[in-house]
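Notes for the one structure printed next.
Note: hydrogens, waters and symmetry copies are ignored here, and every other heavy atom, side chains too, is used.
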2 protein chains.
Amino acid sequence: MAQPDATDRKLLRELQRDSHRSVQVLGDSVGLSPSACHRRIKALEDAGYISGYRAELDAERLGFAMQFFIEVGLNSQSEAALDAFEAAVQDIPEVLECHLMAGHSDYILRVICRDHEDFEHLHRRLSARLPGVARIHSNMSIRRVKARTGLPI
Amino acid sequence: MAQPDATDRKLLRELQRDSHRSVQVLGDSVGLSPSACHRRIKALEDAGYISGYRAELDAERLGFAMQFFIEVGLNSQSEAALDAFEAAVQDIPEVLECHLMAGHSDYILRVICRDHEDFEHLHRRLSARLPGVARIHSNMSIRRVKARTGLPI
DNA sequence: GCTGAAAGGGACAGAGT
DNA sequence: ACTCTGTCCCTTTCAGC
């Protein structure tokens, strides 16, 4: 597949909104017969546009009440220092996302916690036990104002 | 359902890893018969632990090459100012997430862009056309170091 | 590339342990 | 609360347009 056409993009939008519908129903919503719809989806999967199908869990319902954006600065920006930090961060389950940043901070982490105790434990782990950490600044989210589920296609 | 037990949590982990498997296969991976597995999943859905099933799209494959964390400060922290800003932010599709923050910045936005032009357009829209914006600081992600798909349950 | 029909398999409900 | 079993519907394929 060279480039997804308008129907493909519509299908992708539908799939990232709710993937648990039959090809019958999905076909109806984009104006395709079930088998044509099925073939399109298969092609989109094979071309790598769809990386997976996932259940989205309710974080609050599961007790994750707090979310933070943590800025991290390292002592050194050598390749070894970055590699060591990145390897260590993989093992912390509370870290949902970690980005190497341009600009002021070296890294930005998006983390989620159940309670203050959880966060203290995490904070300690980040500042004391992660290699090369010079500076940590935590920003707590008071409320999630917007949460788009999926890409703006 | 009062609280999900160990089997439920295992099931939730499996579902947020890959929800496109039959109850047969899912049951095998958690040690349940297909119908028992099916009943558990139904119960978890009904109790609100699962908020939806979504296809995860490949952002890079779809041309979204840039990601930013944008800090926004407002002129006023009055309720009207916050409401106006929050309403306006809902209409910008590139804004994947928006958080009301404790601390230095009023808001942190996670945005995604295809190219520089896209970002310039977005930046202009944020600073000029959004109500009450006093200060914007954009942080570009060089590389996504970690992307956990789902919650640490 | 689409439609339509036919076969195979999974989802779902009910009775039993 | 799980297992077994049967029914129904959907997925998937293939022939034809």
As a test of reading the structure: which of C/dA11, C/dC2, C/dC12 is closest to the side chain of B/His38, going by heavy atoms? C/dC12
In this structure, CD1 of B/Ile112 is separated from CZ of B/Phe64 (nearest 0.5 Å) by 6.0 Å
How far does CG of B/Leu82 sit from CG of B/Asp106, to the nearest 0.5 angstrom? 7.0 Å
Under 4.0 Å from OP1 or OP2 of D/dT3: is there any side-chain N or O of B/Ser33 that close? yes
Give one of base, sugar-phosphate or nothing for A/Ser22, where a contact means two heavy atoms less than 4.0 Å apart. sugar-phosphate
Approximate separation, where rounding is to 0.5 Å, of A/Glu97 CD and B/Arg148 CZ: 12.0 Å
Winner on side-chain proximity to A/Arg39, out of D/dT11, C/dC2, D/dC2, is C/dC2
Return yes if the base of C/dC2 and the side-chain atoms of A/Ser35 contain a donor-acceptor N/O pair under 3.5 Å, otherwise no. no
Can B/Ser105 and B/Glu71 be counted as having a side-chain donor-acceptor contact under 3.5 angstrom? yes
Let me know the distance between CD of B/Gln24 and C1' of D/dT11, rounded to the nearest Å. 16 Å
In this structure, how many angstroms lie between the P atom of C/dG1 and the CG atom of A/Asp8, rounded? 10 Å
Whole-Å distance separating the CG atom of A/Asp5 from the C1' atom of C/dG1: 11 Å
Spacing between B/Leu26 atom CG and C/dG9 atom P, to the nearest angstrom: 19 Å
Checking contacts here: which listed nucleotide (C/dA11, D/dC4, C/dG4) is nearest the side-chain heavy atoms of B/Val23? C/dA11
For B/Lys42 and D/dA1, give me the distance from atom NZ to atom P, rounded to whole Å. 17 Å
Side chain of B/Leu32: nearest nucleotide among D/dC10, D/dC2, C/dA11? D/dC2
Can you tell me which nucleotide in C/dA11, C/dC2, D/dC2 comes closest to the side chain of A/Arg40? C/dC2
Nucleotide C/dG1, atom C1' - distance to CG of A/Leu44 in whole Å: 15 Å
Find the distance A/Arg21:CZ to C/dA11:C1' and express it as a whole number of Å. 19 Å
Is it true that B/Glu45 and B/Lys42 make a salt bridge, defined as a side-chain N closer than 4.0 Å to a carboxylate O? no
Check the distance between C/dC12's C1' and A/His20's NE2 and give it to me in whole angstrom. 14 Å
